[in-house]
Amino acid sequence: MDNDLADLYQELILDHNRRPRNFGEVASPTHAANGVNPLCGDTCKVTLQVRDDGALEKICFCGEGCAISRASASLMTDALAGKGRADVERLFTDFIALLTGEGDVDHEKMGKLAAFGGVREYPMRVKCATLAWHTLQAALKRQQAPACTEEDEGTARREAPYV
């Protein structure tokens with residue numbers, strides 16, 4: 001990645017950290033979940049209004065975390081608002097692949113989320129960037145236990161369809 005693009009991505013992340021979009025809670029959520037990254041103490045709550053057809057009508061987040069965590073949640077809510085179930089799942093899978101380097105990702109289709117591609121260079125930060133995404137998955141699955149970035153906690157990698 002050239003320096004100009006890296007600088008642009010860094011500025012995008014800093015902007016979403018300073019002025020997060022969709023920060024707060026959906027007034028009458030149909031789905032909600034909490035998440036935690038026990039390694040650094042980041043917390044996240046995702047609230048949603050899901051339409052009968054499975055599309056995300058509204059999506060908000062709140063919580064405390066580092067710049068990567070907050071910016072990822074903010075950009076996630078922008079990217080997923082109005083999306084249907086298949087698009088949400090595809091973007092989740094692509095975002096995880098972008099951060100881990102496991103899989104082929106079309107950076108153009110990722111849009112602004114491609115800014116997180118450099119996070120894979122810092123494995124401990126990958127968990128910060130994925131916290132909101134795992135919390136979203138927990139909300140969509142109506143999981144009662146908090147989503148967790150640690151696999152041994154048993155919640156971050158559960159593969160169950162949401163309703």
Side-chain angles (χ1 to χ4, degrees), residues 1-23 33-46 48 54 56 59 61 63-141 143 145-162:
M1 179 181 330
D2 70 24
N3 286 340
D4 290 340
L5 187 55
D7 290 346
L8 179 65
Y9 283 168
Q10 182 178 5
E11 186 55 39
L12 177 70
I13 289 170
L14 291 173
D15 177 52
H16 275 265
N17 174 53
R18 286 189 298 261
R19 292 186 305 275
R21 283 51 158 194
N22 306 303
F23 189 81
N34 293 303
V36 63
N37 180 349
L39 292 178
C40 67
D42 290 352
T43 62
C44 181
K45 180 175 185 179
V46 173
L48 314 163
L56 301 184
I59 177 171
F61 80 99
E64 297 292 325
C66 66
I68 296 290
S69 180
R70 286 173 53 99
S72 178
S74 177
L75 283 157
M76 176 191 77
T77 62
D78 271 355
L80 296 180
K83 299 281 191 222
R85 182 178 303 213
D87 290 333
V88 169
E89 292 299 323
R90 188 172 22 262
L91 203 48
F92 173 79
T93 300
D94 288 348
F95 188 71
I96 299 301
L98 174 75
L99 293 174
T100 61
E102 297 173 5
D104 190 26
V105 177
D106 183 340
H107 288 253
E108 284 188 36
K109 286 186 179 179
M110 294 297 296
K112 292 178 181 180
L113 292 170
F116 291 93
V119 172
R120 88 173 66 117
E121 303 293 325
Y122 308 95
M124 295 302 291
R125 305 303 290 195
V126 168
K127 294 175 185 216
C128 299
T130 60
L131 175 60
W133 293 79
H134 287 297
T135 306
L136 168 71
Q137 290 293 310
L140 291 170
K141 295 171 189 172
Q143 180 178 305
C148 185
T149 57
E150 295 303 297
E151 287 186 55
D152 61 341
E153 296 290 332
T155 57
R157 299 269 186 206
R158 287 190 186 154
E159 299 297 331
Y162 64 83

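Sequence positions, counted from 1, serve as the residue numbers for this chain.
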Residue list, side-chain contact (heavy atoms from CB on, under 4.5 Å) with [X], at least two apart or on another chain:
| X | value |
| --- | --- |
| Thr77 | Asn22, Ile59, Phe61 |
| Asn17 | Ala67, Arg70 |
| Thr43 | Val36, Glu64 |

How long is the span from the [atom1] atom in [X] to the [atom2] atom in [Y], to the nearest 0.5 Å?
| X | Y | atom1 | atom2 | value |
| --- | --- | --- | --- | --- |
| Leu14 | Tyr9 | CG | OH | 15.0 Å |
| Trp133 | Leu113 | CH2 | CG | 5.0 Å |
| Thr130 | Leu98 | OG1 | CG | 12.0 Å |
| Lys127 | Ser69 | NZ | OG | 13.5 Å |
| Glu150 | Asn37 | CD | CG | 6.5 Å |
| Leu140 | Phe92 | CG | CZ | 10.0 Å |

### Task
Tell me, please, which residues at least two apart from Thr135 pass side chain to side chain donor-acceptor pair (under 3.5 Å).
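Once residues adjacent in sequence are excluded, Thr135 has no partner under the side chain to side chain donor-acceptor pair (under 3.5 Å) criterion.
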### Task
Quick one: which residue pairs count as a salt bridge (Lys or Arg N to Asp or Glu O under 4.0 Å) with a foot in residues 90-104, not counting sequence neighbours?
Asp87-Arg90
### Task
Keeping to residues at least two apart or across chains, list the salt bridge (Lys or Arg N to Asp or Glu O under 4.0 Å) pairs with something in residues 8-17.
Glu11-Arg18, Asp15-Arg19, Asp15-Arg21
### Message
If you apply the rule side-chain contact (heavy atoms from CB on, under 4.5 Å), what do you find for Val88 with Lys83, and how did you get there?
### Response
CA-CA 6 Å; Val88 169; Lys83 299 281 191 222; 4.0 Å; yes
#### Entry: Positive for side-chain contact (heavy atoms from CB on, under 4.5 Å) with Thr149, one of Cys44, Pro38, Cys40, Cys128
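It is Pro38; the other options fail the test.
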### Message
Quick one: does any side-chain atom of Ser72 pair with a main-chain N or O of Ile68 as donor and acceptor, under 3.5 Å?
### Response
no
### Message
Do Gln143 and Gln137 have side chains that approach each other closer than 4.5 Å (heavy atoms only, starting at C-beta)?
### Response
no
Which atom of [X] lies closest to which atom of [Y], heavy atoms considered:
| X | Y | answer |
| --- | --- | --- |
| Gly35 | Leu131 | C-CD1, 3.7 Å |
| Ala33 | Ala139 | CB-N, 3.4 Å |
| Ala115 | Leu12 | CB-CD2, 3.8 Å |
| Phe116 | Ala129 | CD2-CB, 4.3 Å |

### Task
Sorted by first residue and then second, give each side chain to side chain donor-acceptor pair (under 3.5 Å) pair with at least one member in residues 109-123; sequence neighbours left out.
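Passing the test, one end in residues 109-123: no pairs.
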### Task
Just jot down the salt bridge (Lys or Arg N to Asp or Glu O under 4.0 Å) partners of Asp78, sequence neighbours excluded, or say none.
none
